[in-house]
Each structure stands twice: as C-alpha cells, then as structure tokens.
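Here the structure comes first, spelled out in structure tokens, and everything after it is commentary.
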Amino acid sequence: MSKKQLNTINPLTEEVLATYAYLSDDEAAGVVKASHAAFLQWRLRSLDERANVISSIAAKLRDRKEEFAQLMTNEVGKLIEDSRTEVELCAAICEYTAKQGPSVLADEERDVEGATGIVTHCPIGVVYGIQPWNFPAYQAIRYSIASLMAGNGVLLKHAESCTGSGLLLRDIYESAGLPKGLFGVLLISHDQSNDIVKNDLVRAVTLTGSEDAGRTVATKAAESLKKTVLELGSNDAYLVLDDADLDLAVETCVKGRLFNNGQTCVNAKRFIVTQKNYDAFVTAYAGKFAAVTMGDPNAADTQLGPMVSKAQRDKLHEQVTKSISQGARLVVGGEVPDRTGWFYPATVLADVAPGQVAYEDELFGPAAAIIRAKDDEDAMRIANDSRYGLGGGIFSRDVKRARELATQYFDTGMVFINTFDVASPALPFGGVKASGYGREHGPEGLKEFVNVKSIKIPS
C-alpha cells in the first residue's frame, strides 16, 4: 500500500512545490525514540558545550540565509526581504542563547539554616513542538533553541505548508554539530500527533496556533500530566491617544498591520483612536493602504504578497464581508482580486464596534479594524475589552504616562510604546487570557522546560 502524501504549494503560482510522504505510526514512534536516545547523551554535555553548538547553528543559518529565505517565500508567500530578516532574527536568537544560556541555567547556591542549598536546572527530556506556517524558521527556532540549550531533545510537527522549511532546519542543526536524531521532524497527521502527545518519552508540549488547537492540545497533555506552553491568537490593540504624534502613529500602524502579509499573531490589528484624532487617522491610514503595491513577493517593490492559502484568504474575506453587514464601514479594499495567487488587498474597516467580527475576533491577514474611542480612558477600556491578550501598543508623546498605562492597565503580555515590533531575543514573548500562557525568549523562556531541582547538603 502506498503512503499518504502531502504537497506544499506556492501561494503565488498555485503550483505544487514538493511532495512528501507521511510517516507511519511506527516511523513516528521511531523518531521519538531517536530523540530520547540522543537526549540521554546530550543532557550530559556541559552548558558551554551546548552553547558552542548553538553558536555554530547561528553561523550555519547565515551561511544558508538566501536558500532558506527563498524556500520560505516559495512555501508561504512572505516578502523575500521579510524572509531574510526572519533568518537574521533566528541567528540572533541562537547568539543570545549561546551567550546567556550558560549563566542563566547555571547552578545556584543559596544559604539555608544549617546547610547549603543548591538549585539546579536539569533538562526534562523530549519537548514536542507543534508550529504554524507563518514564520517557518522562527516559530521552530523560538522554542527549540531554548530547549536544546537546556539539554532537552526536541520534536517538531510543522505546518504542512512549510514542510520543506522544517526539514531544512533539521539539516542545518545537524550540520552545525547537533547530534543526529536529537531534533526530530514529524510528518504526521493530527490523529498521529495526539499519539505523540501521549507518548511516555515526551515530557512537555508547546504549541503556537489557534484557540481551538490550544484547547485540544492542552487537554491531551493534561490527561498525561504534561506541561504545556501555548502561544495562541490575538487581535492586538494599538491605542492612538489624544497627544499622539499622528504621522508616527499612522506610519507605524500601517507597517504593524501589513508585516508578514498581515499574518502574524502580534500584528497590530485593532486601532483604537480617540475622537480627537479619529477622522484624520482614518483618512491618512486609508490613503496609505490604498497605495500599497500588491504582487510577487520576490519583487523589491512589492509591499504585500499573497496569503498562504486559498482557505486562509477566503476566511479573511468572509470575516470582512460579515463585519460590513454588521455595521462596519469599508474604506479601502475588501474585494478578492481576479488573478492567479491567493491575494487579498490591503483593507480598512472603520467604525468597528462591539458585536462585529472585526471587533471580537482575529483577522489573520491584511485587514485593519479602526475603532473610535471617546478619550484616552475609553481607549484603554476598549483595548482590554477582548478575550485575547498577546501584545498591543500605545502612541503618546507622554512616554512616562504611556509606560504607566502599559505597566498597570494594559492586560497583555507585551506592549510597544510609539513603535511596532515582533520579538526580541532578550525579552519574554507570550500572552494572557485566550492568547495562551508561558513565555519564550529571554531568561524566562530558557527556564520553561527545565526541572528546577533543589539539593540540600548539611553544613
């Protein structure tokens, strides 16, 4: 009997890029066993030895940057320059981890009465990661490099759309000196994935994806009493307060909405603008969206490439259409172009209000929701009026006050003041509420999948 296969498809041309065979149940179990076997040796390597391998991974990523970037653009349609930037971010994560990991994960001695206390950060075993397609390199590196630095084995079930990227990353890891099998790539179905979660050799699970996927995986892992880290969806709010620099706010919010073709969990998605600035913001923002150049993601002058799939494009269009029927005002875009490729135009919805899809849900694509607030206090209230809480932003000339709002009132895991960003290796990444739990990056991320073990020695 022939094996079931999957295809990767170029979103620009709608043509098949490559065909891959799914693993059988026995083959998938073998990948888990191989990762565990390699882990038993890897865990004995010193922190400095692990850091040296991770440093080598950074170099290998840069050596193969053009190859990796082109593959990502071909698989998911992201702008080629964004793909190059993604590889650079991944290399920077490796460098940060290699530099900081040995000190962050080092044993700590603590004084306790009549004894010496030792806190050690031990690897826990094999960590299983289920990752999406929108950042084929970054999503996989974000959790795997920290886990490898901690001494764990790592498994990756990547989105089918970017299967080639997952396999290339495995090759890069091993070419840099990572033991063969330690980082295992699983080409499996969702049902097979549930079996991996339950596998006794798997000690923890991390997922980046939808709310529904998070609930399913967390439930499966909980049945086996396994730790999870979840990074789920969001409809990040960016507040434009009364004293905002309007030109800066418009420019940054356009960039924040269209980055990665609008398909990022931490894209700026809801723009909450006070009455004082509302009309001017809508006019300026819509003008910039109307001028966006849509086309081949490989072309230097393209500002917006295709979405990853027809299903994703059609879902976004349905959300936009329904929001309009619920009272949102279409200012720019909103029509599926008649052309090859899964394109959707830069779209602006104004007068977005509670009860509308664009207000309540995540629009995963190049569609912006602009919401009117009475004043600064009302803007903060609206921002928090969401089941999500991943990131967000504040535009204000009073940075001290903006910091206070970010610190004390904004109910999210990350806040950007007078700027837009995606991630920094040194800062924890993650959210609250329906956006998930746990943190990646920074010292916090390095310690997510370790056994914090206490040892006591009498004096």
Side-chain angles (χ1 to χ4, degrees), residues 31-32 35 38-39 42 50-51 53-54 57-58 61 86-87 89-98 100-101 104-105 121 123-159 162 165-170 172-173 178 182-186 193 196-197 202-210 213-214 217-218 221 226-233 264-266 390 413-414 422-431 435-451:
V31 173
V32 179
S35 181
F39 151 72
W42 178 250
R50 294 179 212 153
V53 173
I54 290 170
I57 291 172
L61 282 166
E86 181 173 338
V87 178
L89 173 59
C90 291
I93 290 167
C94 293
E95 289 172 337
Y96 171 87
T97 303
Q100 301 296 329
V104 171
L105 296 170
H121 305 94
I124 58 172
V126 176
V127 176
Y128 177 36
I130 304 168
Q131 300 300 319
W133 45 263
N134 55 339
F135 289 90
Y138 168 68
Q139 293 288 176
I141 279 181
R142 189 171 72 194
Y143 82 96
S144 66
I145 287 297
S147 294
L148 292 168
M149 182 66 232
N152 296 316
V154 176
L155 300 172
L156 167 67
K157 180 191 182 300
H158 224 329
C162 55
S165 293
L167 295 171
L168 177 56
L169 185 62
R170 181 190 64 190
I172 289 172
Y173 278 7
L178 198 71
L182 185 65
F183 178 76
V185 178
L186 293 163
S193 179
I196 300 299
V197 172
V202 170
R203 292 288 298 275
V205 184
T206 180
L207 173 139
T208 298
S210 68
V217 169
K226 294 177 182 179
K227 179 176 180 177
T228 52
V229 168
L230 303 178
E231 193 273 281
L232 309 177
T264 304
C265 52
V266 288
L390 185 59
M414 299 170 284
V422 178
S424 301
L427 292 176
F429 183 102
S435 290
Y437 50 77
R439 293 295 179 265
E440 295 167 310
H441 295 326
E444 295 81 3
L446 281 166
K447 292 182 178 180
E448 276 288 0
F449 294 120
V450 297
N451 172 13

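Keep in mind it's a predicted model, so treat the numbers as computed, not measured.
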Practice prompt. Using the test side chain to side chain contact (heavy atoms under 4.5 Å, CB included), find all partners of Arg203 that sit at least two apart in sequence or belong to another chain.
Written response: Ile124

Discussion item. If you compare all heavy atoms of Cys265 against all heavy atoms of Glu231, which two are closest, and at what distance to 0.1 Å?
Written reply: SG-OE1, 3.3 Å

Practice prompt. Could you walk me through whether Gln139 and Asn134 pass side chain to side chain contact (heavy atoms under 4.5 Å, CB included), step by step?
Written response: CA-CA 8 Å; Gln139 293 288 176; Asn134 55 339; 3.5 Å; yes

Fill in: For Ser165, all residues meeting side chain to side chain donor-acceptor pair (under 3.5 Å), sequence neighbours excluded
Glu75

Worksheet item: For the residue pair Ala91 and Ala58, what are the closest heavy atoms and their distance?
Response: O-CB, 3.6 Å

Worksheet item: With a 4.5 Å limit on heavy-atom distance, are the side chains of Leu178 and Trp42 in contact?
Response: yes

Response to the item:
Residues at least two apart in sequence or cross-chain that pass ring-ring contact (aromatic ring centres under 6.0 Å, His included) with His441, listed by chain then number, are Tyr138

Practice prompt. Could you pull out all residues at least two apart from Phe429 that satisfy ring-ring contact (aromatic ring centres under 6.0 Å, His included)?
Written response: none

Response to the item:
salt bridge (Lys or Arg N to Asp or Glu O under 4.0 Å) pairs touching residues 439-451, sequence neighbours excluded, are Glu108-Lys447, Arg142-Glu440, Lys227-Glu448

Worksheet item: What pair of heavy atoms forms the shortest contact from Tyr96 to Pro443, and how long is it?
Response: OH-CD, 3.3 Å

Worksheet item: Yes or no on side chain to side chain contact (heavy atoms under 4.5 Å, CB included) for His158 and Val185, after CA distance, side-chain angles and deciding distance?
Response: CA-CA 8 Å; His158 224 329; Val185 178; 5.8 Å; no

Item to complete: Apply side chain to side chain contact (heavy atoms under 4.5 Å, CB included) to Ile196 and list each qualifying residue two or more places apart in sequence or on a separate chain.
Response: Ala28, Val32, Tyr128, Leu155, Leu186, Ile188, Val202

Discussion item. Checking Val87 now: which residues fulfil side chain to side chain contact (heavy atoms under 4.5 Å, CB included) with it, not counting sequence neighbours?
Written reply: Leu61, Lys65, Phe68, Met72

Worksheet item: Which pair of heavy atoms, one from Ile130 and one from Ser193, lies closest together, and at what distance?
Response: CD1-OG, 3.7 Å

Practice prompt. Could you grab the distance from atom OG1 of Thr206 to atom CG of Leu230, nearest 0.5 Å is fine?
Written response: 7.0 Å

Worksheet, complete the sentence: Shortest non-hydrogen pair, Leu156 vs Gly166, comes out as CD2-CA, 4.1 Å

Worksheet item: Would Phe135 and Ile141 satisfy side chain to side chain contact (heavy atoms under 4.5 Å, CB included), going step by step from the backbone distance to the final call?
Response: CA-CA 10 Å; Phe135 289 90; Ile141 279 181; over 6 Å; no

Worksheet item: If you take all heavy atoms of Pro132 and Ala159, which pair is closest and at what distance?
Response: C-CB, 3.7 Å

Worksheet item: Is the closest side-chain heavy-atom distance between Leu232 and Leu207 below 4.5 Å?
Response: yes

Fill in: Pair listing, side-chain hydrogen bond (donor to acceptor under 3.5 Å, both in side chains) test, anchored in residues 143-157, at least two apart
Ser144-Tyr173

Practice prompt. Using the test side chain to side chain contact (heavy atoms under 4.5 Å, CB included), find all partners of Thr97 that sit at least two apart in sequence or belong to another chain.
Written response: Ile54, Ile93, Ile145, Met149, Leu446

Item to complete: Run the numbers on Leu89 and Glu86 for side chain to side chain contact (heavy atoms under 4.5 Å, CB included), then give the verdict.
Response: CA-CA 5 Å; Leu89 173 59; Glu86 181 173 338; 5.6 Å; no

Worksheet, complete the sentence: When rounded to the nearest 0.5 Å, the distance separating CG of Leu105 from CZ of Arg50 is 7.5 Å

Worksheet item: When rounded to the nearest 0.5 angstrom, what is the spacing between SG in Cys94 and CG in Leu148?
Response: 9.5 Å

Worksheet item: Has the side chain of Ser435 got a donor or acceptor atom that lies under 3.5 Å from a matching backbone atom of Gly233?
Response: yes

